[in-house]
Amino acid sequence: MIKKKALSLLVVGLLIVGIVAGCQKPGGNATEVGSQSQNSSETAKISFEFWAAPNPTQTAFWKKMANSYMETHENVSIKVNQMPESPSSEAGIQTALASGTAPVMSENISRGFGAQLAKDGAIVPMDEYSQFSEIVKKRHMKKTIEPWEFSDGHQYVIPLYSNAMLFGWRIDILKDLGYSEPPKTYSEIIEFGKKLKEKYPKKFLWANPDLVKSTWWARWFDFFMLYDAASGGNAFIKGEKFVADDQAGIETLSFLDQLEENDLLLTQKAKNPFVTGLSVWATIGPWTFPNWDKKFPDFKYKENYVLTMPPVPDGVEPSQPKTYADTKGLVVYAQSSKEQQKAAMDFAKWVLSNQEHDLQWLKQTNLPPARDDLGTNETFKEFFSKHPALQKYAENIPNAVPPIDNPKTVKLQTILSTEAVNPVVKQKKDPKEAWQDMKQKITGVLAE
C-alpha cells in the first residue's frame, strides 16, 4: 500500500523524500499518536514505531512523550505500541525480528538480553550517534552508564531506570534485641541471627525459597546482590571470559552456608514473611511499596523497617558497597533505516535530556530514572520528601551493577544455581567445591 501510494504521488509530480514506519505487530491494537499537521512539499516526514514495556503506566508515559515531541517536530510521526508479552517480551521481540516487523526503538531491554541482540546484529551501537554523548551529559549518567559498556567497547543500551536493589531490615525487631541499626558484615549478621533464634526460635533471618530453586533470574536478587558488595562491583563474566573474583564468590557462598548452618534461612514458601515478622531481613525493590501502602498501611518505613545496602565480608569496607541493579533501557533495532535510527535517537535525547520528563516518569512508574544525581537533584526533592523510602534507591544508583552482558545469560545463571547456590544452601556441597564446580562448567559453556 505504501509503495503504491508513493508511486501515485510521484505520477502527479509531488516530490517525497521519506521513509516508511516499522510495521505494526501482528494482531496488535496500535494507537498512532502525534501531529496531523500537513507537511510542506519540501519536508520529508519520518515515521517510526516505538515499543513500550508491557506495563500500562510506561506505555502511557511514552505516548504522552511522543505527542508532546511531535507538537514541535511536525516532520516526525511516532507510533507507540505496547510490546507483546506472550510468552515473554523477549520472545515477542525475537519473533518480530524474525518476521521483519521489529520497531525502530524500544525500552524494556536488560543488559543480558541486549548482549544476545547485539551478538545477532539486531541492535545498533548507540554510542556511534552524537545524541548518545549528549544524553549521557545532560542526564548526568556518567557513573551510572560506565558498567553498561559491552565487551566490544560499545554501548548498545541506554539505561532508562535503575533499581539499586536493597535489603530491608525489621528495625523494630532489631531494637527489641538491643540493636540501634542493622548489622553490616557477615559475622555481625551471624551473631545477630543467633540472638534472634535464642529469643525467637520460630523466626528466621531470611525467608527466600528461591535459594533452593534453579530459577536463573532469582540469582539477581540474592547471590549477585551479595557478590557485587563482596567484590566491590567486580564483573562476574566479561564478554566470553569468566572474570569473577574467586575470593568474593567463595565468601558469598560461605555466608549462605553459615546462614543455613545456623537455621537462619527459611526456604519454604510463606505468606508475607517480612511484614508478619516471620523473617527480619528481605530483598526489597521499589515496586514493593505501592503494594504495602494498599495492603499494610500501618507498616511504616523507619518505624517497622529500614533499608540498607548489602552486607560485606569481614575485612571489606562497608561504607561504600555495591549492589545489583535491576535495570532496563532503550535500544535501536538494526532493521530500521539510518534516517529512522537518527530520528529515534533525537526523540530519546529530547525525552531524556529534560529532568522534568524524568520526574514525570518517576511519578507515573515509581521506577528511579538512571541518573547519577537523582538523590541530590532539587527537581526530585519534593517527590522524595513524600516517598522517603525511595530516597535510598536514588542515592545508590551510581553504586549499582547491571547484569552480565552475555547472550548465554540464562544458561550461565542456571549453572550458578545448580552447581553453587542450590547445593550450598541444601548443605550438599562445600562452598569452595561448589565455586570450583560452577566455575569449571561456566568456563566450558563460554568456550563453546
Side-chain angles (χ1 to χ4, degrees), residues 165-213 218 221-223 225-227 229-230 248-285 288 292 296 298-319 321 323 389 392 420-434:
M165 292 302 299
L166 303 176
F167 279 103
W169 284 92
R170 284 296 302 264
I171 190 64
D172 48 0
I173 298 176
L174 264 74
K175 289 180 177 178
D176 180 47
L177 293 170
Y179 287 76
S180 59
E181 62 180 13
K184 297 177 181 178
T185 65
Y186 291 174
S187 63
E188 290 175 353
I189 288 179
I190 299 300
E191 180 185 0
F192 164 77
K194 291 178 179 178
K195 292 181 179 180
L196 175 71
K197 297 298 284 190
E198 184 178 345
K199 186 169 184 178
Y200 301 107
K202 294 185 179 181
K203 289 187 183 295
F204 295 87
L205 179 79
W206 194 7
N208 185 1
D210 286 331
L211 287 169
V212 293
K213 297 178 182 178
F221 305 104
D222 44 49
F223 175 84
M225 289 179 67
L226 296 169
Y227 169 78
I250 293 171
E251 286 180 325
T252 298
L253 293 178
S254 297
F255 177 54
L256 295 175
D257 183 54
Q258 290 179 61
L259 291 177
E260 179 60 27
E261 281 185 358
N262 288 279
D263 194 28
L264 299 176
L265 294 178
L266 176 63
T267 55
Q268 297 176 345
K269 193 172 182 179
K271 189 174 182 179
N272 301 311
F274 185 68
V275 176
T276 62
L278 179 61
S279 69
V280 299
W281 196 45
T283 302
I284 305 294
T288 307
W292 282 356
F296 312 106
D298 296 328
F299 192 62
K300 300 293 186 182
Y301 178 57
K302 292 190 176 181
E303 292 181 18
N304 303 104
Y305 69 96
V306 292
L307 299 166
T308 71
M309 287 285 274
V312 295
D314 293 21
V316 175
E317 175 55 49
S319 63
T323 188
K392 197 78 172 178
V421 174
N422 299 162
V424 165
V425 173
K426 292 177 181 179
Q427 303 278 277
K428 292 183 177 180
K429 279 187 183 181
D430 171 84
K432 289 183 180 180
E433 174 193 5

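Model, not experiment: these values are computed from the prediction. Only heavy atoms go into these numbers, but all of them, side chains included; no hydrogens, no water, no symmetry mates.
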Heavy-atom closest contact ([X] atom, [Y] atom, distance):
X	Y	result
L177	K195	CD2-O, 4.1 Å
A230	V316	O-CG2, 4.2 Å
V312	A229	CG1-O, 3.8 Å
Q258	N262	O-ND2, 2.8 Å
A434	L253	CB-CD1, 4.3 Å

[X] vs [Y] side-chain heavy atoms within contact, under 4.5 Å:
X	Y	result
F167	T283	yes
F299	F274	yes
P183	L174	yes
E260	L211	no
F255	L226	yes
L266	S279	no
T252	Y186	yes

Is a side-chain donor or acceptor of [X] paired with a backbone partner of [Y] at a separation under 3.5 angstrom?
X	Y	value
N304	K300	yes
D257	P431	no
K429	A420	no
T323	P310	no

Review point. Between L166 and T308, is a side chain to side chain contact (heavy atoms under 4.5 Å, CB included) present by the stated rule, with each step listed?
Key: CA-CA 6 Å; L166 303 176; T308 71; over 6 Å; no
**Study point:** Parallel, tilted or perpendicular, as decided by the 30° and 60° cut-offs, for the rings of F223 and Y227
**Key:** parallel
Point to revise | W281 ring center within less than 6.0 Å of F192 ring center | key: no
Review point. Are K197 and F204 in a cation-pi contact, defined as NZ or CZ under 6.0 Å from the six-membered ring centre and within 45° of the axis?
Key: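 Geometry flag: set, cation within 6.0 Å and 45°.
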Review point. Between CG of D210 and CG of N422, what distance do you get to the nearest 0.5 Å?
Key: 9.5 Å
